[in-house]
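Working notes, beginning with the structure itself.
Quick note: residue numbers are just sequence positions, from 1.
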Amino acid sequence: LAVLVVLALIIASVVIYVKGWFVLTNFADKPCDQPLKFWLLVVLWVPIIQFLLTCWSSPEQRPKRIQAIVTPLAIIAGLWMVCHCKTCQKSAPELYAYAKLYLIFQSCVWLVSLVMSCGIV
């Protein structure tokens, strides 16, 4: 069962990630009163940068604290922008809807990872 859950999370992560690039490339030009397109660009680049840091640096040199704080900071910044949107819902509905989807999914994944890393589960 645990293997199926992990597999489902991996598949969902890939699908959501690819959809993010699709939304960014097709709908980022729509007007929005919050800089959601720039936030989305950053959060889509984070996994790539983290992967490169992991591949190119030795375990002792990896900035683990920075990597550990990037996700919660991105979630907080995204939540703030989504909560303060006044026009995006109507002027850029695809971008707004994706930002909400990403925030819900990433918050759940981050919380599960946090709980698991603390040995609670």
Side-chain angles (χ1 to χ4, degrees):
L1 180 65
V3 173
L4 290 176
V5 171
V6 170
L7 184 61
L9 272 175
I10 291 170
I11 292 169
S13 296
V14 170
V15 168
I16 289 172
Y17 184 78
V18 170
K19 184 176 180 176
W21 282 109
F22 176 81
V23 168
L24 186 66
T25 56
N26 291 298
F27 303 107
D29 59 336
K30 293 189 175 187
C32 182
D33 63 320
Q34 294 293 324
L36 285 178
K37 65 182 171 187
F38 299 113
W39 170 82
L40 179 55
L41 181 63
V42 169
V43 297
L44 291 174
W45 270 101
V46 165
I48 296 169
I49 294 168
Q50 287 179 329
F51 175 76
L52 293 174
L53 285 172
T54 301
C55 291
W56 291 345
S57 59
S58 65
E60 306 84 37
Q61 294 176 328
R62 290 186 194 136
K64 293 177 185 168
R65 289 185 179 158
I66 293 172
Q67 287 179 319
I69 199 160
V70 167
T71 300
L73 286 178
I75 291 170
I76 291 167
L79 281 172
W80 190 89
M81 286 183 227
V82 166
C83 289
H84 287 86
C85 282
K86 294 185 176 101
T87 64
C88 298
Q89 299 91 322
K90 293 193 183 198
S91 62
E94 299 87 356
L95 182 61
Y96 181 78
Y98 178 80
K100 285 176 45 177
L101 168 73
Y102 180 88
L103 285 166
I104 291 167
F105 180 76
Q106 196 62 31
S107 296
C108 292
V109 169
W110 182 75
L111 285 172
V112 168
S113 299
L114 183 68
V115 167
M116 291 175 67
S117 69
C118 293
I120 296 172
V121 173

request  = Could you pull out the closest heavy-atom pair between Leu36 and Met81, with the gap in Å?
outcome  = CD2-CB, 3.8 Å
task = Measure the spacing between CG of Leu4 and CG of Leu9 and express it to the nearest 0.5 Å.
result = 11.5 Å
inquiry  = Are Ile75 and Ile49 linked, directly or through intermediate hydrophobic residues, by side-chain heavy-atom contacts shorter than 4.5 Å (ILVMFWY only)?
reply    = yes
key: Rounded distance [0.5 Å steps], CD in Gln106 versus CG in Leu111   = 10.0 Å
ask   = Atom CD1 of Ile104 and atom CG of Leu79: how far apart are they, to the nearest 0.5 Å?
value = 9.0 Å
key: Hydrophobic cluster partners of Ile11 (side-chain heavy atoms under 4.5 Å)   = Leu7, Val15
inquiry  = According to disulfide bond (SG atoms under 2.5 Å apart), who are the partners of Cys85, at least two apart in sequence or on a separate chain?
reply    = none
inquiry  = Once salt bridge (Lys or Arg N to Asp or Glu O under 4.0 Å) is applied, do any residues pair with Lys30, and if so which ones, sequence neighbours excluded?
reply    = Glu94
message = Grouping I, L, V, M, F, W and Y whenever their side-chain heavy atoms are under 4.5 Å apart, do Leu52 and Val43 come out in a common cluster?
response = yes
ask   = For Trp80, what residues pass the ring-ring contact (aromatic ring centres under 6.0 Å, His included) criterion, not counting sequence neighbours?
value = His84
task = May I have all residue pairs that pass ring pair (Phe, Tyr, Trp, His ring centres under 6.0 Å) and include part of residues 92-111, sequence neighbours excluded?
result = Trp39-Tyr102
key: Common cluster, Ile48/Val14, ILVMFWY with side-chain heavy-atom separation under 4.5 Å   = no
ask   = What about Leu103 and Leu41, same hydrophobic cluster or not, with Ile/Leu/Val/Met/Phe/Trp/Tyr joined at side-chain heavy-atom distances under 4.5 Å?
value = yes
key: Trp21 reachable from Ile16 in the ILVMFWY side-chain graph, under 4.5 Å edges   = yes
key: Gap between atom NZ of Lys86 and atom OG of Ser91 - 0.5 Å precision   = 13.0 Å
key: Interatomic distance, Ile76 atom CD1 to Ile69 atom CD1 [nearest 0.5 angstrom]   = 8.5 Å
Nearest non-hydrogen partners of Leu24 and Lys37, listed with the distance = CD1-O, 3.5 Å
inquiry  = Run the side-chain hydrogen bond (donor to acceptor under 3.5 Å, both in side chains) test against Thr87 and tell me which residues pass, sequence neighbours left out.
reply    = Asp33
Distance, nearest 0.5 Å, that separates CH2 of Trp45 from CG of Leu40 = 13.0 Å
